[in-house]
Amino acid sequence: MVEVVGINGDAFLINATLIEIIEFIPETKITLTTGKYYLVKDSKNEIVNKIINYNQKILRGVTAE
């Protein structure tokens, strides 16, 4: 799970393994494999870095901070 900030300013967690596509239209739109999508304030670099960090934690066996 990665934390993102919605357009309304509220932070929430999203399942990074379900992300199918990320668009920048100009806000960031994250579409999941389920077809549901979220508009967030996070930039492309922020989201990519969060997903990389999440995957690194999985590979190291870290399940929670």
Validation row: N53, V2 side chains within 4.5 angstrom (heavy atoms): no

Donor-acceptor contact below 3.5 Å, side chain D10 vs main chain G6: no

Separation between CD1 of I14 and CD1 of I19, rounded to the nearest 0.5 Å: 5.0 Å

Rounded distance (nearest 0.5 Å) linking atom CD1 of I21 with atom NZ of K29: 8.5 Å

Step-by-step side chain to side chain contact (heavy atoms under 4.5 Å, CB included) determination, T28 to E23: CA-CA 6 Å; T28 304; E23 300 172 79; over 6 Å; no

Hydrophobic cluster partners of L13 (side-chain heavy atoms under 4.5 Å): M1

Heavy-atom closest pair, residues E27 and L39: CG-CD2, 3.9 Å

D42 side chain to V4 backbone, donor-acceptor under 3.5 Å: no

Heavy atoms from other residues, nucleotides or ligands near CZ of F12 exceed 12 (cutoff 6.0 Å): yes

Path from Y38 to F24 over hydrophobic side-chain contacts below 4.5 Å: yes

With V40, the side-chain contact (heavy atoms from CB on, under 4.5 Å) member among I7, V5, I47: I47

Spatial distance of atom CG (N15) from atom OG1 (T34) [nearest 0.5 Å]: 9.5 Å

E3 backbone acceptor or donor facing K50 side chain under 3.5 Å: yes

Qualifying residue, where the test is side-chain contact (heavy atoms from CB on, under 4.5 Å) with V48 and the options are I52, N45, I51: I52

